[in-house]
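Atoms within a ligand are numbered from 1 in the order they appear, just like the ligands themselves.
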Amino acid sequence: MVKKTKRKKKQKKAKAVAKPAEETTEDANETTVQKQNRMNRQKELHAALYSHRNQTTAAPKVSHPFWDSQPVPKMDQEIETTGPIETKTVDEVKPEPYALAEHFEWYAMDLQDDGDLDDLYNLLSSHYVEDDENMFRFNYSRPFLRWALMPPGYLRTWHLAVRVARTKRLVGCITAIPAKIRVHDNVVEMVEINFLCVHKKLREKRLAPVLIKEITRRVNLQNVWQAAYTAGVVIPKPIARNQYWHRSFDPKKLVEIGFSSIPRNSTLGRMVRLSAVDQKHTYPFRPMTEVDVPKVCNLLNNYLTNFKYTPVLEEEEIKHWFTPKENVVQCYVLENDEGEITDMFSYYCLSSHVIGNDKHKDLHAVYSYYNVAQTLSWTDLMKHALTTARHTDAKDVFNCLNVMENAQFLQDLRFGPGDGYLHYYLYNWLCPALEPGEVGLVLM
Ligand code: MYA
């Protein structure tokens, strides 16, 4: 079990299957200066999110030379309204790409092409998000990348890579996909940004800001001016901070790879007993099919009106994001006697490499996606999700953010809090800080 006890140190590893290392986590080997920086970042994050509730905490200034030049709020800025930060027109957008260092070139990946997909897979598989102890690294599969990056309306020009000009080897990337996102009462056509990655040998050379500026230019050229994104790191300025929770299915493996540890007052045998999951469904859930798309679309869009930061999904997007694809995404629905779909659960499948472990190469995880409990209790609904993830899909762990109403079932179903946090951001759009349960958006 991943729970809050003496195992704090071990819990850090749970972050590996989340987003990048939480910058504010204690490290036993840190120097005094590092500790002071960490504490400053902690204070800054707290003040940034909650300053309107506690005016007495002054945020120490952390400098962000790149982010301070962008249309995002400053860390110490108090936000009470929603709306754009700046307004421009397409004719103000630079027509030519940003300059790259000599020997590098821009490349728009063709993800329909197996060779380009391989190149992206290989870059991410070796260089994408790791935990702060470098024990796990996300391993987004090729079919997953196609699913995540080729929704309706995707553009090749937004699948942006940096290559070595001579060898054509990929050394960096960033992606955008189109999305309609509601922030409070405004529905905004924007993009979701993901897969920002720089080859380990090219880190800390300010390539990330160039990637971000170039994807911004390419998005702006399509008359789109806002973006939604998430990250483990704290940059100006999060609109929400959500916590990862983990439901262990295979404690033995999770302990062997260092994802979990055995509490002092427990044993592996007890952990194994506590993590058992029902083999059978109590209710007749079935996998969603294309025929269900209009009903799922209504059910989900109606449910999402309860939250303040959500996607607004068209039927063709529901079809893309929810029609089950083996080892990529699963969605199950419950139908009543009148043929209405009343409840649904869904999750996506994302493994991580286990780095340097002789026995286990991969940690097989699923992540809670969008769920609606209209006639069942949250616990009954998500019990079915656990059964499917464990017994149909043979996963090791079920991960979940405390977004939407997820807090209602986490403890009942023996999820334990991880120490990984995910920060939500908006580019060029103001939004007052949201509580975790006000967030209704899940990005991959
Ligand atoms: S989150 C996943 C991010 N990827 C990883 O963690 C993979 C492993 N790490 C790496 O590949 C590199 O460390 C990266 C940074 C590429 C992350 N989001 O080039 P640098 C700022 C935003 O010297 P490097 C995801 O994919 C940093 O604060 N900014 O650093 C969502 C500093 O700026 P400042 C970040 O380590 C991405 C500058 O970069 C992040 O070599 C959303 C340093 O640059 C981060 N995760 O490379 C992107 N990490 O000095 C924003 C560092 O100001 C999208 N930085 O503090 C914005 C909207 C754009 C579209 C708008 C359309 C309208």
Any N or O of [X] that comes nearer than 3.5 Å to an N or O of ligand 1?
| X | answer |
| --- | --- |
| A208 | yes |
| V233 | no |
| R203 | yes |
| S63 | no |
| A227 | no |
| F66 | yes |
| E204 | yes |
| I235 | no |

Ion pair present between [X] and [Y], side-chain N to carboxylate O less than 4.0 angstrom?
| X | Y | result |
| --- | --- | --- |
| D114 | R146 | yes |
| E317 | K319 | no |
| E105 | K168 | yes |
| E130 | K200 | yes |

Between [X] and [Y], is the gap from one ring center to the other below 6.0 Å?
| X | Y | result |
| --- | --- | --- |
| W321 | W147 | yes |
| Y128 | Y140 | yes |
| F195 | H159 | no |
| Y369 | F322 | yes |
| F259 | H246 | yes |

Under the ring-ring contact (aromatic ring centres under 6.0 Å, His included) rule, collect the residues that match up with F345, sequence neighbours excluded.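 Testing F345 for ring-ring contact (aromatic ring centres under 6.0 Å, His included), a comparison that skips the adjacent residues, returns F285, Y332.
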
For ligand 1, which atoms have a heavy atom of [X] less than 4.0 angstrom away?
| X | value |
| --- | --- |
| L207 | 19 (O) |
| T230 | 1 (S), 25 (C), 31 (C) |
| Q226 | 63 (C) |
| H127 | 8 (C) |
| N194 | 26 (O) |
| K205 | 23 (O) |
| C197 | 11 (O) |
| V198 | 10 (C), 11 (O), 16 (C) |

From the candidates [options], the one that places a heavy atom nearest [atom]:
| atom | options | answer |
| --- | --- | --- |
| atom 7 (C) of ligand 1 | W158, Y128, W225 | Y128 |
| atom 33 (O) of ligand 1 | K200, H64, R206, Q70 | R206 |
| atom 51 (C) of ligand 1 | Y425, W67, Y427 | W67 |

What part of [X] sits under 4.0 Å from ligand 1 if we count only heavy atoms: the side chain, the backbone, both or neither?
| X | result |
| --- | --- |
| E130 | neither |
| M190 | neither |
| V219 | side chain |

Taking the inter-plane angle between the rings of Y427 and Y229 on a 0 to 90° scale, is it parallel (under 30°), tilted (30 to 60°) or perpendicular (over 60°)?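 Answer is tilted, since the angle falls between 30° and 60°.
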
Short side-chain to backbone donor-acceptor contact, N428 and W225, under 3.5 Å: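 Checking the backbone N and O of W225 against the side chain of N428, a donor-acceptor pair under 3.5 Å is found.
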
Any side-chain to backbone donor/acceptor pair from K180 onto P311? Under 3.5 Å, distance only. no

Give a yes/no verdict on a cation-pi contact between R247 and F415, requiring under 6.0 Å between NZ or CZ and the six-membered ring centre and an angle within 45° of the axis. no

Any I193 heavy atom less than 4.0 Å from ligand 1: yes

